[in-house]
Amino acid sequence: MTTHLPPNQSRQTDSSAQESPMPNDVLNNSELPDDNQSMLDEQSHSDHVLEDAVSEEAMLKDSDVLDDMIDSSDEDADDIDDSDDDEASAAGQVVPVIINMTHTVIEDEAGLRIDKLASKIFTDFSRVQLQGWISDGSLLYNGGVQKPKIRVRAGDVLQLTTTLEQHSEDQPENIDIDVVYEDDDVLVINKPVGMVVHPGAGNQTGTLVNALLYHYPQQHHLPRAGLVHRIDKDTSGLLLIGKTKPAQLALMEQLKDKSVYRHYQCVVAGDAASLSRHRRIDAPIGRHRNQRTKMTVMTAGREAVTHLLNVTALNGNYCLLDVGLETGRTHQIRVHLSHVTYPIVGDRVYGGRRQLRAGLTEAQRQAINNFPRQALHAYTLGFVHPTTGEDIEVTTPLPEDMQQLMAVLSDGYDDE
C-alpha cells in the first residue's frame, strides 16, 4: 500500500526544484537583469559544474563510497550461496543503451539556458552529464555545438545523441519482481525471501539487480541499477530504487541524513515485559574479529541505534516486534536483538539455541526449529519524493511464512 502524505512545506515544488540541487543564483539566473547576466553566467557555470561534479564523483564513481552508502540496511554482504545454476546466464550479453532524443522549444521555455532546459526535458540524466554532452557535441542546439549558457528561443531544437556506457557487467535476467510503487523517478520493490539484492561472490546471477536490468534496461547506466540500500537475502520486504541518476543521488542523501525511514517486523524469543525494557538499543557494531562473515557489538564499532516501536505478545515467551532503524549497519537488527538476549526466530547465525524457550508445545518447537530463515520483514518505507517533494509511505503485509509461524506460536494463548 502506498500513502501520499502531506507535502513537506520546506521543499520547493516548482520546476526548478526538479533539477539536481543547485545554488540559488544559478537557479534564478533567467530572472536577472541583462547587464549582470554575462558575468553571472560564467561564474554560475563554473560553480555548478564543480558542485555537481564533486558530488557525483564522490557518490557514483568512487565505488567504496557508494558501497558504504548502499550498505545502509541490515544486508548480509557476505552471504555466500554455493549452489550451481546452469540456466542462470541464459540472458546473454547486454548491449550499451543508445540514446536519440529530440525536443522542440515551446513558448513557455523560451529564455532558459540550454543546460537548464536540457535538465528539465531529459530527466534521466544529471545536469553535469548534460553539460558534458553539450560541450562534446552529443547534445546539439539547432544542429550545432553551443555553450551551455546560450538562451533558447521558441522553435529551437535540442537533439541528444549518445551511447550510455554499461556501469557493470551484470546481466539482465527475466525474473519476476513485485513492484509496490512506481513513478518516473522512483521504484519500490517487495523483495522475496531467498533473493540476493546484487551480484557478488557466489551470487553472480539470480539477483534483484539482474531482474531490474531485464525489466528496466535503461537503468544499466546507474550504479547497481539504481539501488539506494539493501537487505539480507533471507529478509523479505521493501527496497527503494532510483530510476534516474538525480533521483538515486537524492534518495541516497536522504538515507544519509535519516529522512528515509524503514520499519521492520520480526518474531523474537522473549517475553513482552522484558522486551519493553529495551525500547532503544544503542550499541556500536563492527565485524567479528575471528568470524569475518559475522557482525558483533564492540566498543570500536560504528554507531548503531535500533528502536523497538511496538511489542505484541504472541505467547508468554515470544513476541512480534515493530522495529525502526535510526542507523543502518550490516545485520543491525539481528545483532542488537541477539545482544540483548532476545534473538529473532530462525536466525541461525545470531540466534542459536536461545530461540527455544520454556513451555513450548511440540508443534511450536517444530515450527521454530523448521523455520528456514530469520523471521524479519521490512514492511514500511518512507521517503521524500526527490522531484515533487511529497512525503511518500509504502507498506506491504507480512509474508505468509511469518503469518503461519505467528499463528502456531499464538495457538491457545488468547484462551489462557
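For reference, positions follow the sequence shown, starting with 1. As a basis for the values below, the full set of heavy atoms in this structure was taken, side chains included, without hydrogen atoms, waters or symmetry mates.
The CD atom of Glu109 sits 3.5 Å away from the NE2 atom of His103 when rounded to the nearest 0.5 Å. Between the CG atom of Leu213 and the NE2 atom of His220 there is a distance of 4.5 Å, given to the nearest 0.5 Å. Expressed to the nearest 0.5 Å, how far CG of Leu321 lies from CD1 of Ile344 amounts to 8.0 Å. Note that the CG atom of Asp115 and the CG atom of Leu130 stand 8.5 Å from one another [nearest 0.5 Å]. In this structure, CD1 on Ile231 lies 4.5 Å from CG on Leu239, to the nearest 0.5 angstrom. The CD1 atom of Ile392 lies 10.5 Å from the CG atom of Leu381; values are rounded to the nearest 0.5 Å.
Side-chain contact between His339 and Tyr350 is absent, with no heavy atoms from C-beta onward closer than 4.5 Å. Side-chain contact between Tyr261 and Thr380: present, with at least one pair of heavy atoms (C-beta onward) separated by less than 4.5 Å. Side-chain contact between Leu309 and Val323 is absent, with no heavy atoms from C-beta onward closer than 4.5 Å. No side-chain heavy atom of His385 sits under 4.5 Å from any side-chain heavy atom of Asp391. Considering only heavy atoms from C-beta on, Thr161 stays 4.5 Å or farther from Ile99 through its side chain. A heavy-atom distance below 4.5 Å is found between the side chains of Phe122 and Leu139. Proximity of Ile134 to Gln146: side-chain heavy atoms (C-beta onward) are nowhere separated by under 4.5 Å. Looking only at side-chain heavy atoms (C-beta outward), Leu238 and Tyr181 stay at 4.5 Å or farther from each other.
Judged by distance alone, with hydrogens and angles left aside, the side-chain atoms of His215 form a donor-acceptor pair with the main-chain N or O of Ile175 at under 3.5 Å. Checked by atom type and distance alone, the side chain of Tyr318 pairs as donor or acceptor with a backbone atom of Gln355 at under 3.5 Å. For the pair Ser236 (side chain) and Val193 (backbone), a donor-acceptor distance under 3.5 Å is absent. At least one donor-acceptor pair under 3.5 Å links the side chain of Gln403 to the backbone N or O of Leu398. Remark: side-chain polar atoms of Gln364 are paired, donor with acceptor, to backbone N or O of Val408 under 3.5 angstrom. Distance alone, capped at 3.5 Å, places no donor-acceptor pair between the Arg365 side chain and the Leu360 backbone.
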Practice problem: Under the side-chain contact (heavy atoms from CB on, under 4.5 Å) rule, what do Met402 and His377 come out as? Steps first, then yes or no, please. | Solution: CA-CA 9 Å; Met402 286 183 62; His377 176 68; 3.7 Å; yes
Exercise. Determine, stepwise, if the pair Lys233 / Arg373 fulfils side-chain contact (heavy atoms from CB on, under 4.5 Å).
Key: CA-CA 9 Å; Lys233 171 185 175 182; Arg373 53 102 173 190; over 6 Å; no
Exercise. Could you walk me through whether Ile189 and Val180 pass side-chain contact (heavy atoms from CB on, under 4.5 Å), step by step?
Key: CA-CA 6 Å; Ile189 301 292; Val180 294; over 6 Å; no
Practice problem: Give the C-alpha distance, both sets of side-chain angles, the deciding distance and a yes or no for side-chain contact (heavy atoms from CB on, under 4.5 Å) between Val268 and Val345. | Solution: CA-CA 5 Å; Val268 302; Val345 170; 5.9 Å; no
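Sorted by first and then second residue, the ring-ring contact (aromatic ring centres under 6.0 Å, His included) pairs involving residues 265-305 (not counting sequence neighbours) are His278-Tyr342.
The two atoms that bring Glu326 and Lys258 nearest to each other are O-CE, 3.0 Å, heavy atoms only. For the pair Leu255 and His229, the tightest heavy-atom approach, listed with the atom from each and the gap, is CD2-CB, 3.8 Å. Contact record, Ile177 with Ala211: CG2-CB, 3.6 Å, taken as the closest heavy-atom pair. Val145 and Gly137 make their closest contact through CG2-CA, 3.8 Å (heavy atoms, listed as atom of the first residue, atom of the second, distance). The two residues Ala250 and Pro386 come nearest to each other via the heavy atoms CB-CB, 3.8 Å. Between Thr396 and Ala378, the shortest heavy-atom contact is CG2-O, 3.9 Å.
In summary, of the residues considered (His331, His336, Arg302), a side chain to side chain contact (heavy atoms under 4.5 Å, CB included) with Ile285 occurs for His336 alone. With respect to Lys243, the side chain to side chain donor-acceptor pair (under 3.5 Å) criterion is satisfied by exactly one of Gln218, Glu182, Gln248: Glu182.
With no hydrogens or angles considered, a side-chain donor-acceptor pair links Asn190 and Asp178 at under 3.5 Å. Under 3.5 Å, the side chains of Gln374 and Thr235 contain a donor-acceptor pair of N or O atoms. Side-chain contact, Ser338 with Arg354: a donor N or O sits under 3.5 Å from an acceptor N or O. With hydrogens and angles left out, the side-chain atoms of Tyr264 and Gln332 include no donor and acceptor closer than 3.5 Å.
Ion pairing between Asp232 and Arg334 holds under the 4.0 Å rule for side-chain N and carboxylate O.
The environment of Arg289 atom CZ is sparse: at most 12 non-hydrogen atoms of other residues, nucleotides or ligands sit within 6.0 angstrom. Around the CD atom of Glu400, the shell of radius 6.0 Å holds no more than 12 heavy atoms that belong to other residues, nucleotides or ligands. Within 6.0 Å of atom CG in Asn370, more than 12 heavy atoms from other residues, nucleotides or ligands are found, so the atom counts as buried in its surroundings.
Using cut-offs of 30° and 60° for the angle between ring planes, the His263 and Tyr379 rings count as tilted.
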